[in-house]
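Worksheet: the structure to be examined is printed underneath.
FYI, the numbering just counts along the sequence from 1.
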Amino acid sequence: MMRVPPFKYVAPKTIAEAARALRDAGPEGMLLAGGTDLLPNMKRRQQTPKVVIGLSAVKDLRASLRGADGAVTLGAGLSLTDTARSPLVADAAYRALTTAASKVATPHIQAMGTLGGNLCLDTRCNYYDQNHEWRQAIDFCKKAPGPHGTAQREVTHGTCWVAPGSPRCWAVSSTDTAPALVALGAEVTLVSADGERRVPVLSLYKNDGMDYLAGKRRDEVLTAVHVPALVGWRSTYWKLRRRGSFDFPVLSVAAALRLGPGGVVEGARVTLGSVASCPLEVTTDALVGRPLTDEAIAAFADHAAKPARPLDNTDYHLSWRKRVVREYVVGALRELRGDPPGLLARSAARVLPVLA
Ligand SMILES: Cc1cc2nc3c(=O)[nH]c(=O)nc-3n(C[C@H](O)[C@H](O)[C@H](O)COP(=O)(O)OP(=O)(O)OC[C@H]3O[C@@H](n4cnc5c(N)ncnc54)[C@H](O)[C@@H]3O)c2cc1C
Ligand code: SF4
């Protein structure tokens, strides 16, 4: 049985107390929300904070509301179950978020895991998501001591086993809700002992498997997610994973669209997940101002697939995953156009036989 290493537990009751505790703990401190990512990581000695600041008693982190302008604020401490079921985001405009939250892991993990924890999820790699002994046997890797620089006693080799000689780590951003929230144009509030600020979700991330949360300072608590009022928009989230019942994504496509008269695209946002160390936003200029024809969708999907560079450090063959990016973009946009589900299934089936 794997056990967590010893640590001091702090249980603040307010956001201000949590921010102060995080500041006081310095590099030795980490926040614990649902614990569904951090606790397994501690057991595997990937992250070994000496001070764990539990957020479960901070009620304000679960507060949600709709503002006078129609924008929705969701507390970062909301469970993924409550996020998926929140009446505030029941409209089709927010379906990317509710679908993404409802596809994280299993119902049990969704009940424990939080929206904030999902946005701050550690990046993943086949050479990293192993127990200490397994990683020790390969002499660890660049990321092995953990991205937060918490107290580590391991001596790292400095090699990336995925791309030896590479100056960076290629571990994959595998959060489901981040691509969805980027596609919805969401922002987050970050609170430290020094004050608070509000930034776009996308700006939290950097395409670096170790420094993936470069947009959030170590001493900041992510307290809330703000989704704008999206009148006339529809959104969706397509997730590729080996087991439909539960698995981390190995590719996801979040898309949001506003169609005007004659099916002309008035606004579009598309984000790819799990194909880099951060969510990748795709430029949609080619879609806007034109009808969403099959030809427009096909040309856009070719363009959208270009920045996706899956590496051989998660599930499935990387070239097949690259091909599926295009098919998933086509499928997501056709769904938002209102194509019948049968057509979408046939589109997806074009790539699925390669799985065999
Ligand atoms: C078997 C299994 C399957 C999984 N499948 C998926 C999946 O399909 N998709 C997916 O996205 N995830 C998956 N996960 C990962 C995890 O369950 C979810 O990402 C979950 O949402 C994490 O939230 P949490 O509250 O449990 O985070 P925690 O484990 O508590 O924390 C995760 C990280 O976020 C930081 N953090 C937490 N809250 C805050 C905050 N408010 N402010 C700043 N930092 C914070 C922590 O310090 C830590 O670094 C899976 C996990 C397991 C064990
Ligand atoms: S991508 Fe390389 S450095 Fe990063 S976790 Fe994997 S093996 Fe380690």
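- Residues forming a side-chain hydrogen bond (donor to acceptor under 3.5 Å, both in side chains) with E220 (at least two apart in sequence, or on another chain): R197.
- Note: D37 CG to L32 CG = 10.0 Å, rounded to the nearest 0.5 Å.
- Between the side chain of S79 and the backbone N or O of T114, no donor-acceptor pair lies under 3.5 Å.
- Side-chain contact between V330 and R326 is present, with at least one heavy-atom pair separated by less than 4.5 Å.
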**OP:** Could you check L204 against L190 for side-chain contact (heavy atoms from CB on, under 4.5 Å), going step by step and ending with a plain yes or no?
**Re:** CA-CA 10 Å; L204 287 174; L190 299 170; 4.1 Å; yes

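- A57 and P12 make their closest contact through CB-O, 3.7 Å (heavy atoms, listed as atom of the first residue, atom of the second, distance).
- Panel note: side chain K239, backbone A100; no donor-acceptor pair is recorded below 3.5 Å.
- Once rounded to the nearest 0.5 Å, the distance linking OH of Y237 with CG of L184 reads 12.0 Å.
- Taking every heavy atom of both residues into account, P49 and F7 meet most closely at O-CB, 3.6 Å.
- Under 4.0 Å is where a charged nitrogen must lie from a carboxylate oxygen, and between D122 and K143 at least one such pair does.
- Shown here are the side-chain hydrogen bond (donor to acceptor under 3.5 Å, both in side chains) partners of D312, two or more places apart in sequence or in another chain: there are none.
- Formation of a donor-acceptor pair under 3.5 Å by the R135 side chain with backbone atoms of R44 is found in this model.
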Subject >> Full working for salt bridge (Lys or Arg N to Asp or Glu O under 4.0 Å) between R337 and D294 >> reply: CA-CA 10 Å; R337 187 173 65 177; D294 284 350; 2.8 Å; yes

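- Between S235 and R95 there is a side-chain heavy-atom pair separated by less than 4.5 Å.
- Considering only heavy atoms from C-beta on, T83 stays 4.5 Å or farther from T177 through its side chain.
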Original post:
Going through the checks in order, is the side-chain contact (heavy atoms from CB on, under 4.5 Å) test met by D194 and R217?
Top reply: CA-CA 12 Å; D194 302 328; R217 292 200 322 260; 4.1 Å; yes

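- One N or O on the side chain of S102 and one on the backbone of T99 form a donor-acceptor pair closer than 3.5 Å.
- Note that OG1 of T14 and NZ of K59 are 11.5 Å apart. Values are rounded to the nearest 0.5 Å.
- At least one donor-acceptor pair closer than 3.5 Å links the side chain of R234 to the backbone N or O of L336.
- The two residues R23 and A193 make their nearest non-hydrogen contact at NH1-CB, 3.6 Å.
- What you find for W233 and D91 is that their closest heavy atoms are O-OD2, 4.5 Å.
- Using a cut-off of 4.0 Å between Lys/Arg side-chain N and Asp/Glu carboxylate O, R242 and D247 are scored as not salt-bridged.
- Without hydrogens or angle criteria, R269 side chain to A183 main chain gives a donor-acceptor distance under 3.5 Å.
- Scanning both residues, P179 and G273, for their nearest heavy atoms gives CG-CA, 3.8 Å.
- Within 6.0 Å of the CH2 atom in W170, the count of heavy atoms belonging to other residues, nucleotides or ligands does not exceed 12.
- D129 has a carboxylate O that lies under 4.0 Å from a charged side-chain N of R124, or vice versa, which qualifies the two as a salt bridge.
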Original post:
Can V172 and N313 be said to form a side-chain contact (heavy atoms from CB on, under 4.5 Å), step by step?
Top reply: CA-CA 8 Å; V172 180; N313 59 350; 3.6 Å; yes

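- The closest side-chain heavy-atom distance from T223 to L61 is below 4.5 Å.
- Distance alone, capped at 3.5 Å, is enough to place a donor-acceptor pair between the Y205 side chain and the L119 backbone.
- The neighbour count for R290 CZ, taken as heavy atoms of other residues, nucleotides or ligands under 6.0 Å away, does not exceed 12.
- Hydrophobic clustering keeps M42 apart from I109 (ILVMFWY residues linked when any side-chain heavy atoms are closer than 4.5 Å, directly or through intermediates).
- Nearest heavy atom pair, residue P291 against residue G262, reads CB-O, 4.3 Å.
- There is a path of hydrophobic side-chain contacts, each under 4.5 Å, that joins V52 to V4.
- Connection of L115 to Y212 is established within a shared hydrophobic cluster, with ILVMFWY side chains joined at heavy-atom distances below 4.5 Å, either directly or through further cluster members.
- For V51, the side chain to side chain contact (heavy atoms under 4.5 Å, CB included) partners are V10, A25, I53, not counting sequence neighbours.
- Contacts of H108 classified as side-chain hydrogen bond (donor to acceptor under 3.5 Å, both in side chains), with partners at least two apart in sequence or in another chain: none.
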**OP:** Verify side-chain contact (heavy atoms from CB on, under 4.5 Å) between K103 and R241, making sure each step is shown before the conclusion.
**Re:** CA-CA 10 Å; K103 284 182 184 280; R241 52 183 166 174; 3.9 Å; yes

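- Proximity of P27 to K50: side-chain heavy atoms (C-beta onward) are nowhere separated by under 4.5 Å.
- Note that the CG atom of L240 and the OG atom of S274 stand 9.0 Å from one another [nearest 0.5 Å].
- Interatomic distance, CG of L287 versus CG of L292, reported as 6.5 Å (0.5 Å rounding).
- Annotation for R85: atom CZ does not count as buried by contact number, only 12 or fewer foreign heavy atoms lying within 6.0 Å.
- With sequence neighbours left out, the side-chain hydrogen bond (donor to acceptor under 3.5 Å, both in side chains) criterion links T314 to R321.
- In terms of the ring pair (Phe, Tyr, Trp, His ring centres under 6.0 Å) criterion, residue partners of H303 (sequence neighbours excluded) are, by chain and number, F300.
- Clustering ILVMFWY residues whenever any of their side-chain heavy atoms sit less than 4.5 angstrom apart, transitively, puts L121 in a cluster other than the one holding Y127.
- Counting only distance, with no hydrogens or angles, the side chain of S203 and the backbone of P200 share a donor-acceptor pair below 3.5 Å.
- Cluster annotation: V270 is connected to V250 through the hydrophobic network of ILVMFWY side chains, with a link wherever side-chain heavy atoms come within less than 4.5 Å.
- Residues V253 and L272 have side chains in contact (heavy-atom distance under 4.5 Å, counting atoms from C-beta outward).
- Between N207 atom CG and S277 atom OG the span is 5.0 Å, to the nearest 0.5 Å.
- The backbone N or O of H132 sits nowhere less than 3.5 Å from a side-chain atom of Q136 that would complete a donor-acceptor pair.
- Between the side chain of T189 and the main chain of R198, no donor-acceptor pair closer than 3.5 Å is present.
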